[in-house]
Q: 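I'd like to ask you about the structure that follows.
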Amino acid sequence: MDTVKLLSLLRTSSGSKSLTRAKLIHQKIVIQGLQNNIALCKSLINLYFSCQNYDSAKLVFRTIENPLDLSLWNGVLAAYTKNYMFSEALELFDRLLQNPFLKPTSFTYPSVLKACGGLGRVGYGKFIHTHLIKTGFGLDVVVSSSLVGMYAKCDKFDSAIKVFDEMFERDVASWNTVISCYYQDGQAEKALKLFEKMRESGFEPNSVTLTTVISSCSRLLDLERGKEIHKEYVKDGFVFDSYVSSALVDMYGKCGCLEMAREIFEQTPVKSVVSWNSMIAAYSSKGDSKSCIELFRSMHAEGIKPTVTTLSSIIMSSSRSAQLEHGKFMHGYIIRNRMQSDIFINSSLIDLYFKCGHVGSAENVFDKMVKTNVVSWNVMISGYVTVGDYFKALSIYEDMKETSVKPDAVTFTSILSACSQLAALEKGKEIHKYIVESELESNEIVMGALLDMYAKCGAVDQTFNIFQKLPEKDLVSWTSMITAYGSHGQALEALKLFHEMLQINVKPDNVTFLAVLSACSHAGLVYEGTLKQQ
DNA sequence: TCAAAGTCCC
């Protein structure tokens with residue numbers, strides 16, 4: 001069998017992912033003494049990679065006597081990074097640098113930079129960046145886009161944007177890199193602005209662009225913008241792209257357009273697990289656990305394996321609908337299939353069991369889970385608060401302080417709510433100190449909870465102190481302050497505050513009126529109370 | 001066919 005025949009054999013086998021075939025062809029190559037033929041080896045290495053037999057791929061590369069063909073090295077580098085084998089890629093790059101006969105080219109660096117990004121090795125990435133400036137490879141559009149991507153993956157968004165701004169040649173992929181960079185940094189509005197700029201610069205978005213910009217609309221809950229992009233750019237062809245279609249399902253689902261989400265979902269010919277997850281999440285947000293379970297059964301019937309996202313979404317829907325049976329069904333599925341529960345699954349299970357009053361089951365899940373994440377403690381504390389077991393909430397909070405897990409804004413909000421229910425002023429003060437230490441004094445939600453705690457404990461001075469410091473006073477904070485005055489018998493102060501609140505056009509609600517009337521009744525101010533009724 | 005960019009769950 002000659003080289004041409006073997007090459008065509010390799011080509012026809014490339015999609016088969018059959019290891020047996022790969023080994024057979026490998027054997028034929030060795031028998032013919034063709035193990036140094038570059039074209040054959042490249043093809044064979046790729047075949048082994050597609051079979052995920054990395055050792056054999058390495059073996060083929062290693063046994064080539066004089067691998068002086070750079071495209072071979074570049075190909076293996078690319079294969080490594082495609083398979084997330086970033087350390088191997090950097091090792092190979094190191095060996096390439098040591099080879100006196102070979103020099104890396106613009107085709108080498110994209111893979112190397114991707115490996116740096118994947119490993120978070122920004123120091124090495126920076127070193128390469130400097131080298132690229134010196135050698136001029138940084139002028140290559142793919143190389144510089146890869147630099148942008150590398151910095152973004154390492155969370156160095158400023159550096160990423162700087163490289164992008166300094167690029168003098170751009171293509172769709174480099175725009176996509178920077179748009180996704182803003183999206184990943186949580187700046188969805190900026191991502192959409194860049195999308196506008198990209199269009200103004202005369203570039204047509206492709207499916208990658210659309211995936212990111214639709215997701216940006218989804219995160220902003222900007223239905224109008226999402227619809228516009230859908231109508232203007234998502235032509236028939238894009239519906240076949242599972243990324244674009246999932247992003248659309250997610251966007252319509254998050255914006256509450258369930259019918260539209262369903263329509264796109266049904267039109268998607270090949271549904272990926274993310275498509276299913278997005279559709280399930282849409283029903284989950286509505287608390288429609290019945291539809292979630294139905295979808296779960298359909299996906300199972302179509303041979304799609306659920307991910308942890310699928311399972312936690314369905315459990316959350318059962319929690320929202322308070323359908324204990326639906327949640328227990330999922331819990332059973334996880335145990336039967338010996339699936340590894342993650343923090344999302346466990347916290348949604350705990351939430352479900354508390355919501356349905358099965359405190360024992362919630363405690364069981366909590367006991368068995370890894371508690372290195374603040375969220376696992378938070379769900380437990382807020383769970384006890386929702387069932388009214390404030391002492392247990394405080395005791396879990398104390399347990400948490402024994403570990404190295406630091407409480408966050410959610411922890412403080414829940415635990416302060418427990419304190420205000422118990423009128424536990426001393427405990428509340430202690431938590432206040434801790435909030436100051438944790439530098440959460442600028443967090444509006446935490447400060448609102450603190451205000452409520454002091455108000456409910458009748459500590460007027462402390463309440464006023466917090467109230468004064470609030471940067472933005474909303475209806476709830478005004479009401480808390482009025483309540484504090486009222487419960488302390490300072491009805492006139494309460495009334496004064498009520499008038500101040502009206503003057504700056506904050507509209508009172510039933511709770512406010514109740515607080516004002518209660519203040520009047522405590523002080524015997526019948527006349528003032530009657531006035532408020534009008 | 002030697003390179004870069006994408007979606008979902010506390």
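Throughout, a chain's letter reflects where its sequence line sits, starting with A, and its residues are numbered from 1. The basis for the numbers below is simple: all heavy atoms, side chains too, and nothing from hydrogens, waters or symmetry mates.
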Q: Indicate yes or no for a side-chain donor-acceptor contact from A:D140 to the backbone of A:V142 under 3.5 Å, with no hydrogens or angles considered.
A: yes

Q: Counting the atoms with a prime plus P, OP1 and OP2 as sugar-phosphate, which does A:Y183 contact under 4.0 Å by heavy atoms, base, sugar-phosphate, or nothing?
A: sugar-phosphate

Q: Which pairs pass salt bridge (Lys or Arg N to Asp or Glu O under 4.0 Å) with one or both residues in residues 330-342 of chain A, sequence neighbours excluded?
A: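 Applying salt bridge (Lys or Arg N to Asp or Glu O under 4.0 Å) to every pair that reaches into residues 330-342 of chain A, excluding sequence neighbours, yields nothing.
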
Q: Excluding sequence neighbours, so at least two apart, what forms side chain to side chain donor-acceptor pair (under 3.5 Å) with A:S348?
A: none

Q: Across the strands shown, which category fits A:S106 at heavy-atom distances under 4.0 angstrom: base, sugar-phosphate, nothing?
A: base

Q: Just checking A:A78: base, sugar-phosphate only, or nothing, at a heavy-atom cut-off of under 4.0 Å?
A: sugar-phosphate

Q: For chain A and DNA chain B, what are the first and last nucleotides along the strand, 5' to 3', with at least one atom under 4.0 angstrom from a heavy atom of the protein chain?
A: B:dC2 to B:dC10

Q: Base, sugar-phosphate alone, or nothing: which one does A:S146 contact when heavy atoms must sit under 4.0 Å apart?
A: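 A:S146: backbone/sugar contact only, no base atoms under 4.0 Å.
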
Q: Looking for any heavy atom pair under 4.0 Å, which part of the strands does A:N206 touch: base, sugar-phosphate only, or nothing?
A: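 It contacts base atoms.
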
Q: Base, sugar-phosphate, or nothing for A:S215, non-hydrogen atoms under 4.0 angstrom?
A: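 A:S215: backbone/sugar contact only, no base atoms under 4.0 Å.
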
Q: Can you name the salt bridge (charged side-chain N to carboxylate O under 4.0 Å, His left out) partners of A:K290, sequence neighbours left out?
A: A:E294

Q: Across the strands shown, which category fits A:N46 at heavy-atom distances under 4.0 angstrom: base, sugar-phosphate, nothing?
A: nothing

Q: Check every strand shown and say whether A:T310 touches a base, only sugar-phosphate, or nothing at a heavy-atom separation below 4.0 Å.
A: nothing

Q: What side-chain hydrogen bond (donor to acceptor under 3.5 Å, both in side chains) pairs are there with at least one residue in residues 371-382 of chain A, not counting sequence neighbours?
A: A:N378-A:D408, A:N378-A:T411

Q: Have a look at A:N378 and say if it touches a base, only the backbone sugar-phosphate, or nothing, with a 4.0 Å heavy-atom cut-off.
A: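 Contact class for A:N378: none.
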
Q: Identify every side-chain donor-acceptor pair in residues 273-280 of chain A under 3.5 Å, counting partners at least two apart or on other chains, and give the distances.
A:
from, atom 1, to, atom 2, distance (Å)
A:S275, OG, A:S246, OG, 3.0
A:S275, OG, A:S272, N, 3.3
A:S275, OG, A:S272, OG, 3.3
A:N277, OD1, A:T310, OG1, 2.6
A:N277, ND2, A:T307, OG1, 3.1
A:S278, OG, A:V274, O, 2.9

